[in-house]
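We name chains A, B, ... by the order of the sequence lines, and we start the count at 1 in each one. Keep in mind that the numbers below use all heavy atoms, side chains included, and drop hydrogens, waters and symmetry copies.
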Amino acid sequence: MTNNPIHHRHIKTALTIRLVEEKFLQLFSEGKLNGTVHTCVGQEFSALAFAGQLKKKDFVFSNHRCHGHYIAFTDDVRGLLAELLGKETGTCGGIGSSQHLCNNNFFSNGIQGGIVPVAAGYALGNKLKKNGAIGLVYIGDGTLGEGALYETMNIISKWEIPLLIVCENNFYAQSTAQQVNLAGDIESRAAAFGINTYKGYTSSPEELLSKAEEVISYVRDECKPAFFLVETYRLNPHSKGDDDRDPAEIEKFRNNDYLEIFQKTNPVYYNQYQTEITNEIDVLLSDIFNDSDLALDKYYSPKVPVENADWMALDPIGKRQVELLNTFFKDKMVADELTVFIGEDILSPYGGAFKVAKDLSFIAPERTFSTPISESAIMGISNGLALNGFKPFAEIMFGDFITLAFDQIVNHASKFYHMFNKKVSCPVVVRTPMGGRRGYGPTHSQTLDKFLIGIDNVKTVALNTFFDPAVLYHSISSEIHPVIVIENKIDYGKKILNHQSPNYYYERTDDLYPVVRVRPILSKPTLTIVSYGGMADLINTILNDIFVETDLKPELIIPSLISEMPVHLIADSLEESGKLLFVEEGSASGGIGAELAAQVAEYTDFKYVFRRIAALPVPVPSVKSLENLVIPDKNRIIQEIKYYFT
Amino acid sequence: MALLQEIKVPLLSVNDTSLTIIDTPFTSGEKVDTGQVIVVFETSKTSYEVTAETPGYIQYLCSNGDDYEVNEVVVKIFSDSKDIDLSVETPVKKIKKLAPINTKEWSGETQFSSGAKKLLEENELSSDLFKGYDFVSKEDVMAIMVSSPKTKKNKLANSVSQMPKQTRLDIIDYKISSGKKIEIDYLSDVQQAGLTSTVHIYVDTAFIFGHLNNALKALKNSILPLVIYESSRLLKKYPLLNAFYNSDSISVYKDINPGFAIDIGKGLKVLNVKNAGELSIQHIEEKILDLSGKYLDDKLELEHLTDITFTITDLSAEGTFLFKPLVNFMNSSILGISSIDTKLNRCVLSMTFDHRITEGKLVAGFLQELKIRLESYRSDNQSLMNQDVMCFKCRKKLKDDLADVGFSKCITPKGDEAYICQSCFKGY
Ligand SMILES: Cc1ncc(C[n+]2csc(CCOP(=O)(O)OP(=O)(O)O)c2C)c(N)n1
């Protein structure tokens, strides 16, 4: 190990990090700190070498052990202290605390591995902006177990994204020693993707600093990714207590720690710096203690629901839904330089499994990204692009595959805005075709919509065949929060409002997310049916059969924003009909109908009958006869209406 | 400086809980004179004009084309135009309109449910009746059948709602409720021909409940279940009384479905005791109770109200001596039950019939036979009846008398005839 002297500026920063974290541990033991802290005592020079040597325009993504990275990059000690003390003046208003920081291009999140594709997306954004900024993402060695990392390494290498991955190898993941879980070799993992790899040690800061500088320049100048393995050791427990490591081992590393050595070799400087910094921290703290907590209404205030204003008549459009979608995206790609289209197999001439992306790669090749089979990375990269000001439209080839992107939706896209105390927003859009009736079988036909509503701060929109999908996509384009769009495989090929049942009036609200209503021209409805997407298309074609066979005069209400049902409109109709039916293509249990039932019950004060018709609780079979039984078809719907309501 | 008249949205029919305003001939602030039409409402069937009762200055609290709930004040007339605050244009809460289209101009092809089609066929109704409808369900057909018995024969003669109105100042007009209108239409069908006649007979009811009360669960001392039971059996012999006059022919029902009339707060309805000729007395009692329950709970369905071939109306609880029942639409006769005279131990049965179908002789024969049948229930075994004799002092029943001595007939201190047991008589 080399122990060349380094600039005292670095020593002071490293010592600041250490003293701040030790303060946290002290405050925690005094009961003044809520939650948890993961300190990087012993690892500080990794923060200095990378986060500390970036430019302001660059960015850093970090993980749970992020205080050092934060201070090294932002120099914002007060914001960090106040954040951990849960104060409004904290960097994220006390919402994020230790693991969720956001300030001037610095982001951290507590999901291991999840930030890697997000960082890649952010870096891709910089590459598209050609602003010369690069990015850095820190992971621990334990995180080498996460799949999202490898999806991302593949893509950043292939697409030459200027992202530096720094793996801080402290030989432990929480309580588990590395040899228990890690197979093979670390550096060759990155090398296998064709990524340049480097190595350094926090015990040799001078060498680490200069190697880091070199790698940073490589990433910036070559516009290529790099992987840097930092060997280091944390001298404190994983978080606050419990350390099962051999004390002798810890002691050995402590003796080798640069700051410890500096204290012994330069006691005068050390003591002087220590006193200075400690005083500084104490002064800040005594000030912070007077700050107040964030008020709830600054964090969350319920939305006042907007009553739908006007109704407008619907007209058929002699075009298939997929053509209209394709036209929308072609126009959008041309009109808006911040639009990005990303997904599997979307390059033209193929243009995506369902042809929504046809010709996009001809029109805007630099913003049309055909990805490997990596749903998690598709979603994560889209999230990163969205954080960086782009409007990404991510396509998940089949609805069933959206589960692989779920962490990115729930723990990243959904949370960023609030957990970073509204400093950023993530206007990502993910579109996917759901639904069966094409014989694709269990993993390509299921309707998973019920898992996709009820995600906080995420809108879930379902297209339908009653009006131009561009109306919805225009609204979606101007959202500043994430939107999931459920498309339907069968509906793609249908023309808009191709079928109109006789004696019904077809209309929609002029909301951002219009509600369609199909109601008897004169009669009072005696059955209110709510359905959406592909199922609504089917119901529309059998309205007359329902009437002829059940004697009930149905009114069909079709929401497009299925995460926020138009309960007042449904209740208006229900008040007349007294009977409410929800038909969904997914299975019933824990489903969208269940949510609707709860909301309608909470909203109304009159008696009515409610029923659901849904898929049977089994995977969708491929064989046609069975598929038609598992997913509600015309016969079943009519039979069940008769059974339930007459 | 006074409010002279206030016009509220009237309740014109049970179904119209709100009315549409279709004309407001003046504007707020204008002067109006007595007798001038000042507002016109539209109901589900007709339009309804309201005239000024006094000269004055008008203020509208409504706007044309909107719906208002019954009892809301929509127009005011003041003695002085200064009383009108024109700033309060339409403070009355409007009912949200669901339809942005003009529902009046509909002329498309009507859709019929299969249930409706069946009902039309069964009742030989023409689908033309439903011109202007979008959808016709079973209920719609039924509603037409009930509200307009003429539909059967497709003649839409002078139904009440179409009679010309006169304005007279010496009388007060009360609107006839839609329920009453239906009733009138219903009864006019047979009665308007003027060819009905009524025959009365009395039935000796002494001890008639002796056995009967043992058989009945709830309707003790009611003769209705027995009358339904016996008359439905007897009607098999008198098919013309289970029939109706159908233009130039007489239609005889194959089934015997007597209906009993009921009117306890929810309008006059006739409820069908289907196939009563095949039911036991107990079943008939159960049916009566069940149907009355449904009537009270508004749970009646089409089948409970239709296909009635013969009607029985029971006014025995109302202290009646004698009355003339009116024959129902699509029936040829109706049997009325008056109250039992407890002194004379008898009650009067009255049967009104359609003379176009049959004559008094046949009806008298029917009643005579019915009387014999009913009287056969009288307990000829006097002792059985006496079991119910009660001591007026201790209220002990003869059948509970363990002394085995018997009761004495006596005169009570009030002067009534009564019985007294031996214990009380001897003064223990
Ligand atoms: C997806 C996910 N799984 C598990 C955890 C719980 N967890 C937090 S830190 C940690 C260990 C991480 O080890 P490593 O990546 O080596 O980082 P270090 O803690 O050593 O800095 C674990 C398992 C988590 N935060 N996220």
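Within the 4.5 Å cutoff, side-chain heavy atoms of A:V530 are placed close to those of A:F582.
A donor and an acceptor atom, one from each side chain of B:D134 and A:S523, are located under 3.5 Å apart. Checking A:S577 against A:T528 by side-chain atom types alone, a donor-acceptor pair falls below 3.5 Å.
The salt bridge (Lys or Arg N to Asp or Glu O under 4.0 Å) search around A:E479 returns A:K459, not counting sequence neighbours.
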For residues 604-613 of chain A, run the donor-acceptor check on the side chains, cut-off 3.5 Å, and write out each pair with its distance to 0.1 Å, sequence neighbours left out.
from: A:T604; atom 1: OG1; to: A:V600; atom 2: O; distance (Å): 2.8
from: A:Y608; atom 1: OH; to: A:A601; atom 2: N; distance (Å): 3.3
from: A:R612; atom 1: NH1; to: A:A588; atom 2: O; distance (Å): 2.9

Without placing hydrogens or testing angles, list every side-chain donor-acceptor pair under 3.5 Å for residues 537-548 of chain A, not counting sequence neighbours.
from: A:D537; atom 1: OD1; to: A:T465; atom 2: OG1; distance (Å): 2.5
from: A:D537; atom 1: OD2; to: A:K494; atom 2: NZ; distance (Å): 2.8
from: A:N540; atom 1: OD1; to: A:Y506; atom 2: OH; distance (Å): 2.5
from: A:N540; atom 1: ND2; to: A:H499; atom 2: O; distance (Å): 3.1
from: A:T541; atom 1: OG1; to: A:L538; atom 2: O; distance (Å): 2.6
from: A:N544; atom 1: ND2; to: B:Q111; atom 2: OE1; distance (Å): 2.9

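The stretch residues 636-646 of chain A places none of its residues near chain B, where near means some heavy atom under 4.5 Å from a heavy atom of that chain.
Looking at B:F135, the atoms closer than 4.5 Å to chain A (heavy atoms on both sides) sit in the backbone and in the side chain alike.
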